[in-house]
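Have a look at this one.
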Amino acid sequence: MLPESPPVLTVKEVARALRVSVPTIYRWVQDGELESIRHGKQWSRGKAGRGGAIRIPAAVVAAKLQAIHDMVDAA
């Protein structure tokens, strides 16, 4: 039996949960602000590999949400 994997969310689900745009989530993933996992077939053209679906662990989203709330509370 395979080990149970942690729950993951789609980019659209994360954008909805954090109340930001989908392009913002992609930018955060690219900049390393959000940990992500790629599922599925990947292909590469040039230097950067692409393809596959991006998924973000639910725990990472919860931590980002908490950080945003902490920033708001501190302001």
task = List the atom of Val22, the atom of Lys12, and the distance in Å for their closest heavy-atom pair.
result = CG2-CA, 4.3 Å

query = CD1 of Ile25 to CD1 of Ile56: how many Å apart, nearest 0.5 Å?
reply = 6.0 Å

task = Check the hydrophobic clustering (I, L, V, M, F, W, Y; side-chain heavy atoms under 4.5 Å; chains of links allowed) and say if Leu18 and Val8 are grouped together.
result = no

query = Which atoms form the tightest heavy-atom contact between Ala17 and Leu65, and what is the distance?
reply = O-CD1, 4.1 Å

ask   = Pro57 and Ser36: which non-hydrogen atoms are nearest, and at how many Å?
value = CD-CA, 4.5 Å

ask   = In the single-linkage hydrophobic clustering (I, L, V, M, F, W, Y; side-chain heavy atoms under 4.5 Å), do Trp28 and Ile37 co-cluster?
value = no

request  = Supply the atom-to-atom distance Arg19 CZ to Thr24 OG1, rounded to the nearest 0.5 angstrom.
outcome  = 15.0 Å

ask   = Can you name the residues that form a side chain to side chain donor-acceptor pair (under 3.5 Å) with Gln30, not counting sequence neighbours?
value = none

ask   = Can you tell me how far the CZ atom of Arg55 sits from the CD atom of Glu13, to the nearest 0.5 Å?
value = 7.5 Å

